[in-house]
There are 2 protein chains.
Amino acid sequence: MKSIKVGLLGLGTVGTGVVRIVEGHQEDLASQVGSPIQIVKVLVKDMNKSRSIQVPDHLLTENAWDIIGNPEIDVVVEVMGGIEPTKEYLMEALDRGKHVVTANKDLIALHGRDIKAKAKEKCCDVLYEASVAGGIPIIRTLMESFSSDRITKIMGIVNGTTNYILSKMSQEGAGYEEVLREAQQLGYAESDPTSDVEGLDAARKMAILATLGFHADVSLEDVEVRGISRIKKEDIAFAKKLGYEMKLLGIAERKDNQISVVVQPTMVSTAHPLASVNGVFNAVYVYGEAVGETMFYGPGAGEMPTATSIVADLVAVIKNMKLGVNGQRALTPYKEKKLKSDEQITYKNFVLLHVEDKAGVLAQITQIFAECDVSLDSVVQQPNPNNPDAEIIIITHYASRASMNKVFAHFEHLSVIKSMKSAYRVED
Amino acid sequence: MKSIKVGLLGLGTVGTGVVRIVEGHQEDLASQVGSPIQIVKVLVKDMNKSRSIQVPDHLLTENAWDIIGNPEIDVVVEVMGGIEPTKEYLMEALDRGKHVVTANKDLIALHGRDIKAKAKEKCCDVLYEASVAGGIPIIRTLMESFSSDRITKIMGIVNGTTNYILSKMSQEGAGYEEVLREAQQLGYAESDPTSDVEGLDAARKMAILATLGFHADVSLEDVEVRGISRIKKEDIAFAKKLGYEMKLLGIAERKDNQISVVVQPTMVSTAHPLASVNGVFNAVYVYGEAVGETMFYGPGAGEMPTATSIVADLVAVIKNMKLGVNGQRALTPYKEKKLKSDEQITYKNFVLLHVEDKAGVLAQITQIFAECDVSLDSVVQQPNPNNPDAEIIIITHYASRASMNKVFAHFEHLSVIKSMKSAYRVED
């Protein structure tokens with residue numbers, strides 16, 4: 001029986017996992033797709049590097065064209081990462097009629113439209129389940145299982161590094177810098193952690209999810225991002241005391257076809273299923289008008305979980321090949337993208353102020369909220385144990401971001417406010 | 001453009017939801033499948049019954065053959081339930097080349113093999129996402145997203161009625177009978193609750209999940225079932241004190257291609273993601289060798305969630321129609337089914353005994369465990385506040401069911417044991 005021939009771009013952690021699964025599960029995979037799957041060429045940076053897996057020398061190459069330009073190869077699996085030359089490689093592979101499976105969130109978030117258009121033109125599949133939330137099959141779920149529903153909200157813990165840091169800060173009362181260093185030592189954070197801790201990685205994944213969930217072409221620039229590097233351990237302690245866990249959430253919302261997508265530290269009620277997702281685990285909560293609340297939980301990264309998603313995509317590509325329907329299941333976004341204005345984006349807010357401890361201060365502050373049309377859910381004023389100021393903790397009802405920005409602008413000019421210590425979105 | 005014509009068997013709660021989604025989401029659905037979807041005939045028991053939804057009279061029929069024998073109809077959606085005449089209807093529909101979408105877990109668990117064989121013969125699709133866990137897309141996840149992995153464990157809270165009852169008993173310390181009555185009043189339990197509370201409903205769903213997850217033909221008789229009707233509120237109090245929640249779990253396990261499937265009340269560690277799934281919600285936890293731990297959470301029943309799954313299946317059928325590949329994606333179980341023996345089924349156990357409060361009793365009891373080759377994780381003996389007996393609470397390490405049965409047989413003949421109050425499986 002003719003085998004399906006796969007070229008692998010990259011043999012790092014995830015690439016190694018792909019080789020392990022394709023070889024270790026050969027019999028099961030063949031039962032599923034009806035023919036053997038064979039990795040015939042692997043692009044590496046350095047042929048002589050020692051590796052945790054045995055790959056015969058003649059399969060390795062340092063020249064991408066041995067894969068892209070190889071007429072024998074049916075499917076290109078891309079796990080090398082990066083934008084260039086990766087994009088060029090994939091476009092050339094598609095041009096030559098090769099199907100593509102990729103784990104590259106950056107590439108899909110930034111150039112997904114071009115790549116999908118090329119795939120469509122060439123009747124090729126481009127699948128990218130592994131690009132978001134590793135082993136959690138959220139892409140296929142949004143594309144197929146919720147095809148009948150109108151999704152109105154997607155909230156995701158889609159970055160394991162930041163979730164590990166926040167979980168540790170919460171569980172141990174430790175500070176950000178200390179936990180980050182520990183995460184770096186354990187390999188859960190990069191030596192330059194910017195992309196993770198500043199929310200960029202999560203933003204890319206949310207752009208991908210929002211595009212699929214809302215059928216509109218959401219790009220990275222549409223995502224407003226705030227990271228976790230300025231979260232203080234006191235903030236997390238306050239959150240816990242009030243019944244919340246601090247999480248870096250990606251939140252994509254749609255109402256009447258108006259969309260907003262943000263990534264920001266959020267105080268999540270402990271009653272919410274996302275609140276108990278800890279460590280490097282990921283979870284995506286999806287709310288659909290008909291289905292209601294659902295959540296999908298699992299490992300967000302790692303060699304084998306990510307490889308599982310890649311090989312599942314590979315199986316899907318091969319089934320499509322056998323049926324002769326490659327490239328015909330992809331759905332192009334068919335709705336016009338309309339972004340919500342700051343007036344239309346509404347949520348609850350937590351605000352912590354340090355104020356002068358004298359009569360009338362609370363009245364002045366609550367007056368500002370009232371003038372800006374923000375109503376309050378709860379207000380607590382207490383003496384500050386460390387200095388002569390008082391602490392005021394406010395949780396608002398749903399308020400527009402525009403109104404809250406007005407409140408914050410007023411605070412700048414109110415002399416009784418010593419400092420605004422923190423402000424966070426709240427999800428119940 | 002030619003519309004796709006659907007016949008609906010049944011217009012109860014779920015059927016009503018299907019009509020609502022197909023009509024309410026018409027534009028979105030047409031964008032996905034490339035043509036309008038039209039419900040052209042609906043089988044009802046009584047044409048004159050008043051309904052919560054307006055369906056034009058000429059669409060209703062009391063004669064199933066108006067649908068099954070109607071050459072215009074492309075897809076039959078079955079939401080009438082029951083085994084006969086439902087099975088006959090679906091077999092006849094398939095015989096006439098109609099595709100089938102069904103929510104009928106009983107039918108799939110009992111006659112899935114016949115129905116799928118007929119579908120294969122006729123190149124028709126039979127999809128049944130709604131048959132297990134309502135709005136949670138677990139069937140598609142097992143079939144497609146985990147196609148690359150070897151699933152070794154599936155644990156499911158797949159019955160909302162029993163999860164509601166156990167959650168209430170846990171949260172309020174209430175007794176089984178009391179909460180059951182309340183559930184019946186709220187419509188969460190049937191007036192004859194047997195199928196739910198004795199675990200039969202869950203067993204059917206687990207047979208379906210195990211078949212898909214393990215690629216072997218698991219039937220209902222292979223599932224060992226124990227329900228929740230004998231759980232006492234004291235058991236739940238004990239569980240909580242030890243850090244567990246009582247859940248009715250379906251547990252399907254595979255090791256070296258040996259399978260076991262059970263449904264039984266289980267003490268689940270509060271650290272496990274299944275422990276916090278409360279009320280009528282369902283969740284399915286899947287462990288795969290490569291992917292590791294994943295969990296899928298959502299509404300297990302209800303008009304709109306179940307209808308979401310049905311219409312997603314309908315969309316998949318229609319996409320396959322457009323591509324001309326119906327019936328060609330289904331995978332027949334390709335592994336021989338081998339059931340584990342009682343020696344091969346191992347788990348941790350909780351045992352609560354009332355014993356005579358005198359010297360040497362604990363020694364006698366622990367001696368029995370030792371003789372039966374069961375090692376103990378923890379033992380607590382305490383006075384019983386209500387009578388002169390003592391209480392002994394034992395949690396074992398992993399032990400085979402065969403060994404535990406030997407322990408229980410010995411207990412029968414040990415006069416110092418007044419009664420064995422309860423014994424439960426434990427999952428950490």
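Quick caveat: nothing in here was measured; it's all calculated off a predicted structure. In what follows, chains are A, B, ... by sequence order, proteins preceding strands, each numbered from 1.
Contact of the R140(B) side chain with the D313(B) side chain is registered, since non-hydrogen atoms from C-beta on lie closer than 4.5 Å. Residues V22(B) and V6(B) fail the side-chain proximity criterion, which asks for heavy atoms closer than 4.5 Å. The shortest distance between side-chain heavy atoms of L11(B) and T16(B) falls below 4.5 Å. For the pair P36(B)/L29(B), no side-chain contact is recorded, criterion being any heavy-atom separation below 4.5 Å from C-beta on. Looking at V268(B) and M155(B), their side chains never come closer than 4.5 Å, going by heavy atoms from C-beta outward.
Looking at E289(B), the atoms closer than 4.5 Å to chain A (heavy atoms on both sides) all sit in the side chain, from C-beta outward. Only the side chain of F281(B) has a heavy atom closer than 4.5 Å to any heavy atom of chain A. Within the 4.5 angstrom heavy-atom criterion, atoms from both the backbone and the side chain of S147(B) approach chain A. Looking at Y334(B), only its side chain comes within 4.5 Å of chain A, counting heavy atoms on both sides. Looking at L323(B), both its backbone and its side chain come within 4.5 Å of chain A, counting heavy atoms on both sides. Of the two parts of R150(B), the backbone and the side chain both hold a non-hydrogen atom closer than 4.5 Å to a non-hydrogen atom of chain A.
A donor-acceptor distance shorter than 3.5 angstrom exists from the side chain of Q26(A) to the backbone of I37(A), with no hydrogens or angles considered. Side-chain N or O atoms of N257(B) include none that pairs as donor or acceptor with a backbone N or O of K338(B) at under 3.5 Å. Proximity of a side-chain donor or acceptor of N320(A) to a complementary backbone N or O of V325(A) within less than 3.5 Å is not detected.
Between chain B and the options H215(A), M295(A), E303(A), heavy-atom pairs under 4.5 Å are most frequent for M295(A). Of the listed residues V315(A), T141(A), L314(A), V311(A), the one with more heavy-atom pairs under 4.5 angstrom with chain B than any other is V311(A). Comparing A290(B), A307(B), G298(B), G24(B) by heavy-atom pairs within less than 4.5 Å of chain A, the highest count is held by A290(B). Note on P273(B), G288(B), A312(B): by heavy-atom pairs under 4.5 Å with chain A, the leading option is A312(B). When each of K319(B), R20(B), Q32(B) is checked for heavy-atom pairs under 4.5 Å with chain A, Q32(B) comes out on top.
K240(A) is linked by a side-chain hydrogen bond (donor to acceptor under 3.5 Å, both in side chains) to S170(A), counting only residues two or more places apart in sequence or in another chain.
Looking at K335(B) and D28(A), a side-chain N of the basic residue comes within less than 4.0 Å of a carboxylate O on the acidic one, giving a salt bridge.
Residues of residues 122-138 of chain B placed with any heavy atom under 4.5 Å of a heavy atom in chain A are listed by number as G135(B), P137(B).
For N278(B) and K247(B), the side-chain atoms include at least one donor-acceptor pair closer than 3.5 Å.
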